[in-house]
Engineer: 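Before I ask anything, here is the structure I am working with.
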Amino acid sequence: MRALVIEALTAMQSEGVLPEGLDFKNVAVEPPRDALHGDMATNAAMVLAKPAKMKPRDIADVLAAKLMDDVRVEVAEVAGPGFLNMRLAANLWQGVVKAALVGGVDFGRSDMGAGKSANVEYVSANPTGPLHVGHCRGAVFGDALAGLLAYCGYDVTREYWVNDAGGQVDVLARSAYERYREANGLEFEVKEGLYPGDYLVPVGEALKEKFGDSFIDKPESDWLVTFRDITMEEMLRQIREDLEALNVNMQVWTSERSYYESGKIEKTLEELREMGLVYRGVLEPPKGKEPDGWEPREQTLFKATEYGDDVDRPVQKSDGGWTYFAPDLAYHYDKVKRGFDVIIDVFGADHGGYVKRMKAIVAALDTEKRVHFDIKLTQLVKLFKNGEPFKMSKRAGTFITLRDVIEQVGPDVTRFVMLTRRNDAPLDFDFDKVLEQSKDNPVFYVQYAHARVCSVLRKATDAGIVVDDATLAAADLTKLGSDAEITVAKKIAEWPRLVEIAGRTNEPHRVAFYLYELASELHSLWNKGNDDTSLRFIQEDDAETSQAKIALARSVAVVISAGLGILGVTPAQEMR
RNA sequence: GCACCCAUAGCUCAGCUGGAUAGAGUGUCGCCCUCCGAAGGCGAAGGUCGAAGGUUCGAAUCCUUCUGGGUGCGCCA
């Protein structure tokens with residue numbers, strides 16, 4: 001459509017109506033918010049009025065006449081300050097239905113990522129226990145984002161950063177040791193600073209199975225490494241299982257420990273040192289909230305302030321060990337070097353403080369300025385049951401694991417609900433409401449629309465009407481003429497554009513909202529069929545008209561299944 | 001103290017690269033539903049887009065300041 005307008009404008013230039021040398025890049029051609037204004041609108045006249053030194057209306061009038069010459073434009077009229085509204089020929093919308101049927105789930109696929117690669121890192125929870133609901137949103141969001149980018153043509157890598165180094169895995173090992181003692185008949189005591197969760201009980205038993213009582217009362221140095229590796233492996237196995245239950249499948253699991261062992265950290269720092277971005281120095285204490293026992297110490301620091309961070313970040317502790325930041329530095333450098341065009345980190349909102357330093361890292365290390373780096377934060381999930389909020393507490397035993405959620409509501413519902421809000425807004429998750437089978441529940445509403453179409457297809461087949469996609473695509477779609485039907489077709493036409501926007505902004509929730517709107521249009525048409533039998537999909541004794549109408553319904557289902565596919569949700573064939 | 005995120009209808013939330021009279025659901029109110037596709041349908045009311053400035057043909061959207069809420073702030077990961 002835009003090409004059409006630009007073409008007309010160029011013609012106006014060569015005819016001398018418009019001066020030469022105008023920049024058309026601000027000329028937008030898009031569907032207006034209010035459908036009353038037509039199908040397409042352009043701001044060309046207003047944008048060009050100033051540089052062309054002409055009145056917007058004069059430009060618009062000529063442009064309107066030009067566009068009317070095109071067969072695809074039925075009406076072009078000037079409105080308001082200089083908007084140009086176009087009403088398109090009905091066959092254009094009918095063409096959309098056909099395109100959706102021919103394209104199938106690929107209808108709407110964008111090529112914005114063609115030939116590019118993207119890395120999405122998400123979840124990345126410490127392997128010290130099972131995943132809980134807090135991880136769930138990040139998992140779903142990251143996975144849907146990865147799905148969205150894949151739909152936009154990117155070659156996507158889904159990655160999990162495993163924090164298998166540092167103090168917390170030693171704590172894990174000691175916690176498992178306590179359970180191991182318990183398995184050997186000794187009394188279990190909750191020690192300060194250890195993980196009390198009973199998920200380590202089976203691990204303790206397995207350790208007893210394997211080692212008997214040989215490590216009882218032995219010094220920590222005898223068993224720590226062995227216990228740590230075994231326990232961590234078990235935790236990772238559980239995490240993998242949990243994610244699989246949610247239909248999240250990571251392709252790459254990168255170990256933090258491997259960075260310590262391979263010397264990648266040193267290498268990265270060496271390069272940064274050569275760039276003059278690492279130095280020895282002393283940090284100021286944080287303002288306002290001075291920690292107890294603060295004393296200034298000399299540390300190795302990364303010049304994050306050079307790239308927009310608030311303070312320089314320590315990479316080495318005063319005792320010479322690496323801070324958590326050091327492997328992060330090396331890890332992101334590695335991602336840059338692996339050649340990704342797009343790198344996205346998905347963090348929980350409680351890690352919001354890391355955004356600037358991470359961006360500083362990539363800005364410093366991506367010396368060619370080739371990588372598009374983005375960090376998406378997922379806000380908290382508030383849990384409700386029977387309309388009552390309930391808090392998660394490890395001590396009170398109301399620790400809700402991700403597995404609990406999936407077992408209660410299923411992966412499809414969990415995923416969709418988690419995406420019915422912008423990622424940076426808090427989300428309420430009510431166990432009862434998400435399972436409710438009513439219009440109030442967006443998951444149900446969208447699934448129901450898909451199921452209704454499936455039901456039409458089944459009934460049509462029973463009635464002897466041929467309804468495979470190829471036949472439907474070839475149906476006489478000029479029979480789709482009513483406003484109600486065209487409205488649905490227009491919604492379908494929005495799909496490719498929506499994918500583009502969602503992909504560009506890295507916001508998969510837009511897909512979920514769109515699907516709700518599309519479902520709404522289908523339900524609305526369906527309801528109109530209650531009163532007006534000519535709007536029903538199956539017209540008795542008229543296979544041709546039926547096929548045209550079913551083609552429209554089917555194209556809705558095609559788009560719904562493509563959209564749900566991006567979100568990682570399975571479309572329902574029928575509601576039970 | 002500083003940084004980041006958020007503030008849109010009574011409530012829960014959408015709102016694209018700045019575009020026309022700011023949308024949806026829910027709630028409220030009114031009407032419809034004996035049967036033909038009601039796990040309903042149609043319609044109405046409801047807004048200073050937190051406040052004040054600025055940028056421009058044009059701002060919920062961009063910039064500045066302020067107010068209110070959330071999160072985070074060296075040797076934990």
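Here is the naming used below: chain letters follow the sequence lines, and residue numbers restart at 1 for every chain. Bear in mind the structure is a predicted one, so any value in this text is a computation, not a measurement.
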Engineer: Rounded to whole Å, how long is the line connecting atom CG of Asp428(A) with atom P of U12(B)?
Structural biologist: 9 Å

Engineer: Report the residues that fulfil side chain to side chain contact (heavy atoms under 4.5 Å, CB included) with Ala451(A), sequence neighbours left out, ordered by chain and then residue number.
Structural biologist: Met575(A)

Engineer: Among residues at least two apart in sequence or on other chains, which ones pass side chain to side chain contact (heavy atoms under 4.5 Å, CB included) with Asp428(A)?
Structural biologist: Lys382(A), Phe384(A)

Engineer: Does anything in residues 506-520 of chain A reach RNA chain B, meaning a heavy atom under 4.0 Å, and if so which residues?
Structural biologist: His509(A), Arg510(A), Phe513(A), Tyr516(A)

Engineer: Can you name the residues that form a side-chain hydrogen bond (donor to acceptor under 3.5 Å, both in side chains) with Arg415(A), not counting sequence neighbours?
Structural biologist: Asp143(A)

Engineer: Salt bridge (Lys or Arg N to Asp or Glu O under 4.0 Å): which pairs involve residues 312-321 of chain A, sequence neighbours left out?
Structural biologist: Asp309(A)-Arg313(A)

Engineer: Consider the side chain of Thr323(A), meaning its heavy atoms from C-beta on, and name the nucleotide among C75(B), C4(B), C16(B) that approaches it most closely.
Structural biologist: C75(B)

Engineer: For Asn441(A) and U26(B), give me the distance from atom CG to atom C1', rounded to whole Å.
Structural biologist: 13 Å

Engineer: The side chain of Arg421(A) lies closest to which of these nucleotides: U17(B), A39(B), U12(B)?
Structural biologist: U12(B)

Engineer: Would you kindly give the CZ-to-C1' distance between Phe384(A) and C11(B), to the nearest whole Å?
Structural biologist: 12 Å

Engineer: Distances under 3.5 Å only, N/O to N/O: pair up the protein atoms with those of nucleotides 6-10 of chain B.
Structural biologist:
unit_1	atom_1	unit_2	atom_2	d
C6(B)	OP1	Asp424(A)	OD2	3.3

Engineer: Specify the closest pair of heavy atoms between Val499(A) and Leu148(A), including all atoms of both residues, with the distance to one decimal.
Structural biologist: O-CD1, 4.4 Å

Engineer: Rounded to whole Å, please give me the gap between CD in Glu298(A) and P in C75(B).
Structural biologist: 17 Å

Engineer: What integer distance in Å separates Leu427(A):CG from U71(B):C1'?
Structural biologist: 17 Å

Engineer: Please enumerate all residues that pass side-chain hydrogen bond (donor to acceptor under 3.5 Å, both in side chains) together with Ser124(A), with sequence neighbours excluded.
Structural biologist: Glu121(A)

Engineer: Heavy atoms under 4.0 Å, any strand shown: does Phe537(A) hit a base, just sugar-phosphate, or nothing?
Structural biologist: base

Engineer: In whole angstroms, how far is the P atom of C76(B) from the CG atom of Asp350(A)?
Structural biologist: 19 Å

Engineer: What is the distance, to the nearest angstrom, from the NZ atom on Lys382(A) to the P atom on U12(B)?
Structural biologist: 9 Å

Engineer: Find which nucleotide of RNA chain B each of Tyr260(A) and Ser524(A) is nearest to by heavy atoms, and output the residue with the more 5' nucleotide.
Structural biologist: Ser524(A)

Engineer: Which residues pass the side chain to side chain contact (heavy atoms under 4.5 Å, CB included) test with Ala173(A), sequence neighbours left out?
Structural biologist: Leu224(A), Phe227(A), Arg228(A)

Engineer: With sequence neighbours left out, what residues match Asp334(A) under side-chain hydrogen bond (donor to acceptor under 3.5 Å, both in side chains)?
Structural biologist: Tyr259(A)

Engineer: Rounded to whole angstrom units, what separation is found between the CG atom of Asp309(A) and the C1' atom of A3(B)?
Structural biologist: 9 Å

Engineer: Tyr333(A): which residues meet the side-chain hydrogen bond (donor to acceptor under 3.5 Å, both in side chains) condition with it, sequence neighbours left out?
Structural biologist: Glu271(A)

Engineer: Distance criterion of 3.5 Å, no angle test: do you see the side chain of Arg297(A) paired donor-to-acceptor with the base of C75(B)?
Structural biologist: yes

Engineer: Identify the stems formed by RNA chain B, where each pair is Watson-Crick or G-U wobble with both distances under 3.5 angstrom and a stem is at least 3 consecutive pairs.
Structural biologist: B:1-7 with B:67-73, B:10-13 with B:23-26, B:28-32 with B:40-44, B:50-54 with B:62-66

Engineer: My understanding is that only residues two or more places apart in sequence, or in another chain, count here; which of them pass side chain to side chain contact (heavy atoms under 4.5 Å, CB included) with Thr461(A)?
Structural biologist: Val467(A)

